[in-house]
Number of protein chains: 2
Amino acid sequence: MNMLLDLQKKILPDLVDVLGLRFRILRFIRLMQPIGRRTLANNLEMSERVLRSEVTFLKEQGLVEFATSGMTLTHEGHNLLGQLEVVMKEVFQTRTMEEELEKKLGVKDVHIVPGDSDEYSWVQKEMGRACVGLIKQKMSSKENIIAVTGGTSIAAVAEMLVPDSDLKETLFVPARGGLGEQVENQANTICATMARKAMGSYRLLHVPDQLSKESYESLINEPTVKEILQLIHSATMVIHGIGEAETMAKRRNSSEEMLKKIHEKKAVAEAFGYYFDQSGDIIHKVLTIGLQLEDLNDIPDIIAVAGGSSKADAIEAYMKQRPSQVLVTDEGAARAILT
Amino acid sequence: MNMLLDLQKKILPDLVDVLGLRFRILRFIRLMQPIGRRTLANNLEMSERVLRSEVTFLKEQGLVEFATSGMTLTHEGHNLLGQLEVVMKEVFQTRTMEEELEKKLGVKDVHIVPGDSDEYSWVQKEMGRACVGLIKQKMSSKENIIAVTGGTSIAAVAEMLVPDSDLKETLFVPARGGLGEQVENQANTICATMARKAMGSYRLLHVPDQLSKESYESLINEPTVKEILQLIHSATMVIHGIGEAETMAKRRNSSEEMLKKIHEKKAVAEAFGYYFDQSGDIIHKVLTIGLQLEDLNDIPDIIAVAGGSSKADAIEAYMKQRPSQVLVTDEGAARAILT
DNA sequence: GCGGGTGGGACATAATATGTCTATAAGGGA
DNA sequence: TCCCTTATAGACATATTATGTCCCACCCGC
């Protein structure tokens, strides 16, 4: 509805931050006036100096007045704040939802992109872009190894990657071996795409979809495989998707009994080739080599990318037992999770 | 209507500029794509480097693409630009009017404050604030002498003045002697108020309202008066209002024949104690000492402050023959002038 | 091949934001 | 009345960012 706002978020992303900051300042002044800079700075958890700049600005705009006893809102500031309060809810819709999600899911950091992937495909790309931003941000200065899974969400991330000087030294590896996906959504393919887009390097994990216990044992001892496994376990970052259990199982042409098992045990979520039920317990695990769920504890940064209102249950289920990650999702999923 | 926008202009003034800049860039790219940085920078009259930062940002937002042949809008960028165009008219309403007024009146610099002084009294204060901003901006580093006239608009400027390190050395003087106004709107009073608010110094011009030719001659040779006159003539800045002829004449308790003269000769505007008709010709001049109209040519900065739709004709008339100034006005007057 | 365009990289410098400290004035309680 | 606490305001060094300026490799039409 408020088109301008959405456009501004896109074209002036920090606008929202500054706006929020000044809004908070004004609110606090109204609440505690007259109040001094130091007290205010403490309460708002910011350095006195930056608050001072902000507050000087507000003074110049005639919204607050300085006195020797502290700062007060002017009449005009009071009016403006009143109007602001009406509008700000809308502005911070997503930010508020992010915080609610962080709390509800116990995830450290949630990023919500406007829209619903189920409705528009470009929303998934937006999630991709957001994720790329996060990746760059979390990049340490030295050699980075990024492990990726398959799925359309992660494919979107790959698509949105752009070369960056920070990314050039990065090595991309698939998190786990063949999971039976279509080529364009396989971890291997995505991994290669990412490396190409980021001008980085990559290693692939060539293992067949169906593995018997025996071939698993022998493969794991292959020198080439072993080497890559080591790389995977020393990954500094994992980027993975979350899928709906049934959809994923079908897409992977799983056996009839497999589908039955999933259905009976009420699996709702899928990630890394693991299937989870509503409470986040593991129902089934596709046998393949690579990153196991318990290995995640050793990896510093784990980013989950999943959106669309239809995935809400899956996201919620998966996150139930695997918190303290970063989640990139969309408005559709967020709303559905928060019901 | 769009409340958020007005609030933003108030609370995030420079973000609006950035918005405009990016908008212009996108438009130009669409027009000339594919286009290179240098060409684009030339066309937009900005340095290549700042354009580069902007354009890199736009790339990161996925709105433009870089290729070896130049930059192009992405599909997304195209969409966004389309939506932006709808909204931007509103954003730049006042800016557009400012440009139109500059053209129509031949004034170098026009500043329009939202609202109409006739409707809300706070609009006049806003003009005052805007004017204060301009004053500070135009302040040269050395001793400044600011000459001011009377009137409610200038009184508003005085009210909005705030101390500033730049202003401390400033000397305020009244532009002309007694013009028969009420005390609070007299040049002398305003002058003193300004100096107090700005922590500057001031000199007053004590001359009676009604002056005979003889006393005029003798006063002008008084050493104390002479000294101040010299200061007035060496003023670095003049801030004056523009009034409606009839209103001003009545407010000054002018004689019956005076009112008649004004009416007959169809005076519409008043400034500095001069009365002007619709084409800007001088109809009458109140005899007092101080700044004469022709002295204005020697003064570097001249700022006119006048607003309210009712003053539109007066502003237009006065400006007809006295262009290349700075005009601070409000939306009401601006709309009325542009009809 | 060549000239004029392109994006990208690099780096010094200007501008700005921020952290830190000090001066000084005003109000409130002993 | 005086002192103590709080406040703003100013000043300045430093960290961070923006900007100006070059240069390079590349691509494309000639």
Can you tabulate the close N/O pairs, meaning under 3.5 Å, that link protein atoms to atoms of nucleotides 26-30 of chain D?
residue, atom, partner, partner atom, Å
D:dC27, O4', B:Thr68, OG1, 3.4

- For atom NZ of B:Lys59 and atom C1' of C:dT6, their distance in whole Å: 14 Å

- Does the A:Arg22 side chain pair with the main chain of B:Ile11, one donor and one acceptor, at a distance under 3.5 Å? yes

- Starting at CD1 of A:Ile154, measure out to OG1 of A:Thr193 and round the result to the nearest 0.5 Å. 12.5 Å

- Task: Nearest whole angstrom, please: distance from the P of D:dT8 to the CG of A:Leu58.
- Result: 13 Å

- Checking only heavy atoms, does the side chain of B:Arg37 share a donor-acceptor pair with the base of C:dG5 at less than 3.5 Å? no

- Item | Which residue lies more 5' along DNA chain D, comparing A:Arg49 with A:Gly70 via nearest heavy atoms | A:Gly70

- Who are the salt bridge (Lys or Arg N to Asp or Glu O under 4.0 Å) partners of A:Glu48, not counting sequence neighbours? A:Arg37, A:Arg38

- Not counting sequence neighbours, which residues clear ring pair (Phe, Tyr, Trp, His ring centres under 6.0 Å) with A:Phe92? List them please. none

- Message: Nearest to the side chain of A:Arg38, heavy atoms from C-beta on, is which of D:dA7, C:dT20, C:dG8?
- Response: D:dA7

- Message: Side chain of A:Val50, heavy atoms from C-beta onward: which of C:dG19, D:dA9, D:dT19 has the nearest atom to it?
- Response: C:dG19

- Task: Rounded off to whole Å, could you give me the CG-to-C1' distance for the A:Asp14 and C:dT16 pair?
- Result: 15 Å

- Message: Check whether A:Thr39 reaches the backbone of A:Ile35 with its side chain - one donor and one acceptor, N or O, closer than 3.5 Å.
- Response: no

- Salt-bridge test for A:Glu126 and A:Lys10: reply yes if a basic N is under 4.0 Å from a carboxylate O, no otherwise. yes

- Message: So B:Ile35, base contact, sugar-phosphate only, or nothing? Heavy-atom distance under 4.0 Å.
- Response: sugar-phosphate

- Message: Closest-nucleotide mapping onto DNA chain C: is A:Ser53 or B:Ala67 further toward the 5' terminus? I mean the 5' end.
- Response: B:Ala67

- Message: Quick check against the 3.5 Å criterion: does B:Lys9 have a side-chain atom that pairs as donor or acceptor with the backbone of B:Val91?
- Response: yes

- Query: So which nucleotide from C:dG8, C:dG7, D:dT8 ends up closest to the side chain of B:Met71?
  - Reply: C:dG7

- Message: Ignoring hydrogens and geometry beyond distance, is the side chain of A:Arg52 in donor-acceptor contact with the base of D:dG10 at under 3.5 Å?
- Response: yes

